[in-house]
Structures are given as C-alpha cells and as structure tokens.
Amino acid sequence: MRPEIAIAAMTEIVTRFAPSPTGFLHIGGGRTALFNWLYARGRAGKFLLRIEDTDRARSTEEAIAAIFDGLTWLGLEWDGGPVHQFARAARHREVVEQMLSSGNAYRCYASAEELTEMREKARAEGRSKLYDGRWRDRDPADAPAGVQPVIRLKAPLTGETVIEDQVQGRVTWQNENLDDLVLLRSDGNPTYMLAVVVDDHDMGVTHIIRGDDHLTNAARQKQIYEALGWSVPVMAHIPLIHGPDGAKLSKRHGALGIEAYRAMGYLPEAMRNYLVRLGWAHGDQEIFSTDELIKAFDLAAIGRAPARLDLAKLDNLNGHYIRQMADQDLVTEIEKLLPHLPNGAELAGKLNPALRAKLIAAMPGLKERAKTLVELIESARFLYADRPILLDDKAKALITPEARSLLGSLTRDLAMVDPWSAQGAEAAVRAVAERSGVKLGAVAQPLRAALTGRTTSPGIFDVLAVLGKAESLARLGDQAIG
RNA sequence: GCUCCCUUCGUCUAGCGGCCCAGGACGUCGCCCUCUCACGGCGAAAACACCGGUUCGAGUCCGGUAGGGAGCGCCA
C-alpha cells in the first residue's frame, strides 16, 4: 500500500490495456479494459492502449480493428495513439544488450532437444524449474559453432520474489523455483515477458491491472524489472470470468466478441454496469452512472474469486437502462444498431421521418416491455408491418366469430371518434364492451390481435393513438364483419 | 506432476471478531395493480464447503481436508 501512495503523490496514474490482436475483443478483455479505464479516469490519470502484436503469424488487422471498435462502443476512450509492440523491437533488443553487458543476462546455446530432455527430467523429479542453467556461468568460448543463442535472464538463485498485489494480496515465490527465462529468441526477437516490461516502463505505466492468468508472469516480470533497476508498477490481478457452468469461458457461452453483445441489443452503459459489478462491489449499490463508477471504483474492493457470467442479470440491467433512456435517443440507438443486425434491412429500408415519429411516440409503451434493443425492434414491428397484418397463432385464436362482430361494432364506433386520441378511443372501446355486456378484455384482446397481430403489446389505447385513425380502422376492417 | 490463487443463497455480492438465528440485487414462486404482456408494489423459499484450533465470542483470525481455477514454451 505504501508504494502506491508514494507514486500517486509524485506522478500521475497511468494504466494500460494490452490485448494481443489474435481474435476478437472478448468480454473478459472488455472488463479488464473497463477497470483500467475507470481507475485512471477516477484519478485524473491516463489510460493507454498497447497492441501486443509481436506474434506476427497470429496477429491480424481485423482483430486490431475489432479491439478499437469494441473499446469505442463501450465508451472507453484511450489516451494517445495506440502503441504497437512489434514496432518497438529495436528498443527491446537494446535493453537486452544492456542486460548482457551488465551481467544480468547471458547467452544460452542449449538445443531444442536438450531443452526437452531437461523438461522431462524436471517433471519426472517433481521439480518446477525446467531449465537447469547450464550456460549460466559457462565460458562463451565453449559456444558451439553455427548456433544462434537465445539470451536468458540471470535470475536470482536464492531468496524470494514477492508481489504486493492490490487484489490478491502478498504473493510469494521461492526464487529456486523460478528458472532463467528467455528474453531474446535466437532469431533476435524479444519474448513477450521482456517486451511487456520494457513497454510498460517506457510508457510510464504505474498500475498494471490485468487478468489473473498473468499472476505467475508477474513474478518473472518483477525479476526483469529488478535486473534493470527499474521501479515495479503497482499490480492488480483480477479474477477471470467463467461461463455459467463455472468452467472457463468457451466459445459455447460468453467468449463472444463484444461486438456480439452489441448485436444482441445491449446498451454500452448496461454492459459497463454489469461488467463492473462482476467481481467488484460498492456496498449494496447495483446501478451506477458512469460518473458514480469513476468516483467509486477502487482496486481494494475487487473480489478474489472468479465470477460466472449471468445473462439474465445483464438483461435486467439492460432493461433498466432502456426504460430510463429518452425516447428519441432510443430510436437513434435502434438506427445505429440496424446495420449490425442480420435482418436489420427491413426496418432500415422503411425508416422514413413519419415512421421515426411513430416509433418515438410509441417508445413510452414499448420500452418498459423490452430487455434489449432487439426486442424493442421486434415489439415495434406492428408499427412498420404492411397490411394486412400477419397474425401469429395465438392472435388468430382470438379472432372468433363473436370477436369479429365485436370488431365490427368497434369499427363503427371508432369511426366517430374525433379528434383521434387515446382517451377518445378508450371511451369508444369501453362503450362497445358495456353495450355488448362483456368485459373490457373480451373486446381489447381481439382488438389487439387485429391491430398488432399479437396477443401482447403496449396498452391498446396507446396503440390506437400511435397507429392513427385511418390505419387503425383499416386493420380493424381486415378482421371485422358487419 | 510442480508453482501460485480461490471457496457466503441457483447467480453477482455485502460482511473487514460481537450490530448476522447473515443484508441487497438478479432469477424463481405467490399476491396486488391491470385490456394483454411488461413496469411498479408487497411477500416467500434460498447461502457462511468441511474439520480442527485461537477467543468470553468466528462468516470474519490460524491450520488442515475437499473442491475449483490459473500458470508451467525461443505463445501472448
């Protein structure tokens, strides 16, 4: 805790998100980015982005674009241009040279076969150290001809390496269990372990917040920092997100790109709220505005156990944010979402100013019935469906012969409503029910079926009002007799 | 196998030795509201993994057991 306070007092907080562009930005990565972003924004710090693209074979432009898009959609803007790790290879080599001349690193000529042998031996003997250090103190003159060496860290043999992790607490490794890791490959390219340390240092990163899967790496990286005489950033290793079954996230459940969640109709603010509460809590508070999050977020309150993904809770949160969003904004969100939907073209093609106005007018009734934007679009279908309206099976069942004649009376009474309004329509519908000696529901349900093709919808008087007199009467006429 | 980490309702969690026969939220179930479905309101069922210690007192501290996870590459 002390070092953190000292650093905060002298320098600004710098966090970073450092994904490797070998696939989409998944939900766990999104949360890691969110935590880094929140931590920096809450402390007037900087949030940097670094693309770890040193694996040339697996890094793709599409994946880089997906990371940018995903972060942007989530609303996590980063400071400065993104750093591409591969572009810094020369700097990484320079640092290794420095370590070589200071005696903190050495050339190792062990062959792949030797390495395998060592590994098998170590495993058989139940030791954790895989490399036996055979070139550590050997005379370079012994180097076999024609072999390109790797460069290894001359790690301490005794003592312990300790990480004061902000989430996991104090974690200790015995140095005798940590072997001399490779810093530079025989082809002259830096390893991940080295590149991360050099980049974080050069970028001025003060706080490393990342997934739990890096916790063991932290020990080895600390050894590199110490060999270099650099100060070690504050570390916070956050637990991973698991699937609903408690197992590691796989393609089957949540390991979808963040893009997939957008296409499912989730709002970025709901996503942020959900993600932040997965493993972090602030008393009993469930709903947070972005400003509240920035103010309240802290590393100390992050839990240590992995959390399971629960889409039902995300749905609930999303419904909350949909309900509280302004009607026009909701329609704007729908417009932005349509290009990302496989069947978004139908509505997109019809979305003229008149329909847009209808959508906005219908939003108060629609938004409290939808958990996602996709549901919202679907439940608004009656507004943009062509006549004659297609009835689903349950709606068809409501259109009995008796219902048809009720619809007939309704058509006549509604035709006299002037001016057209929800209140006027309501009076007419109630009058028909009373006159026919049936309950309101007996009239309202067939009416709903005729107007929307469904058995559920917003309040039927609002539906009448939004649809307008002419369209309402026309749809009624399609189903009525008499 | 080795190293490291984790363990409160089905799920996310509050709890930092007495305020806890454990609180909130989602989900589930019931009731109310009601033209349907929702929303909203009210209520219910539902958890401290296990075993030992420390202590006047443990969900909270310590040890062990069991279960789960991550990492162990010239991948990142």
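The structure displayed is predicted, hence computed values, not measured ones. We name chains A, B, ... by the order of the sequence lines, and we start the count at 1 in each one.
A salt bridge between A:R220 and A:D179 is present, with a side-chain N of the basic residue lying under 4.0 Å from a carboxylate O of the acidic one. At a threshold of 4.0 Å, the pair A:R369-A:E375 does not count as salt-bridged, since none of the basic side-chain nitrogens sits closer than that to a carboxylate oxygen.
Here A:N316 does not reach the OP1 or OP2 of B:A25: none of its side-chain N or O atoms lies under 4.0 Å away. Contact annotation: A:R119 side-chain N/O to B:C74 OP1/OP2 distance is under 4.0 Å. In this model, the phosphate group of B:G24 is not approached by any side-chain N or O of A:K313 to a distance below 4.0 Å at OP1 or OP2. Between A:T54 and B:A76 there is a side-chain N or O to OP1 or OP2 distance below 4.0 Å. A:R323 has a side-chain polar atom (N or O) that falls below the 4.0 Å cut-off from OP1 or OP2 of B:G40.
Taking the side chain of A:T456 as heavy atoms from C-beta on, and the options B:C39, B:U36, B:C5, the nearest nucleotide is B:U36. Distances were taken from every side-chain heavy atom of A:R448 (C-beta onward) to each of B:C74, B:C4, B:C35; the shortest belongs to B:C35. The nucleotide whose nearest atom lies closest to any side-chain atom of A:R152 is, among B:U3, B:C74, B:C12, B:C74. Comparing B:C35, B:A76, B:C5 by their closest approach to the side chain of A:L440 singles out B:C35. Closest to the side chain of A:S128, from the set B:C2, B:C35, B:A76, is B:C2. For A:R308, the listed nucleotide lying nearest its side chain is B:C12; candidates were B:C5, B:U3, B:C12. Closest contact between the side chain of A:E368 and the listed nucleotides B:C39, B:G10, B:C5 involves B:C39. Considering only the side chain of A:R123, B:C72 comes nearest among B:U36, B:C72, B:A76.
Residue-to-nucleotide contacts include a donor-acceptor pair under 3.5 Å from the side chain of A:R369 to the base of B:C37. Taking 3.5 Å as the limit, the base of B:C37 and the side chain of A:S457 contain no donor-acceptor pair of atoms between them. Taking 3.5 Å as the limit, the base of B:G23 and the side chain of A:D284 contain a donor-acceptor pair of atoms between them. You won't find any donor-acceptor pair under 3.5 Å spanning the side chain of A:R127 and the base of B:C2, going by distance alone.
Nucleotides B:G15 and B:C51 are separated by 26 Å at their P atoms, to the nearest Å. Straight-line distance between the P atoms of B:G63 and B:G40: roughly 46 Å, to the nearest whole Å. If you take atom C1' in B:C48 and the same atom in B:A58, they sit 11 Å apart, rounded to whole Å.
Nucleic acid contact class of A:K394 (heavy atoms, under 4.0 Å, all strands): none.
In terms of position on RNA chain B, the residue among A:G283 and A:E286 whose nearest nucleotide sits closer to the 5' end is A:G283.
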Residues A:H282, A:D298; criterion side-chain hydrogen bond (donor to acceptor under 3.5 Å, both in side chains); working and verdict: CA-CA 9 Å; A:H282 186 64; A:D298 195 20; over 6 Å; no

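When only modelled atom types and interatomic distance are considered, A:H237 and A:D165 share a side-chain donor-acceptor pair under 3.5 Å.
A distance of 6.0 Å or more separates the ring centres of A:F17 and A:W78.
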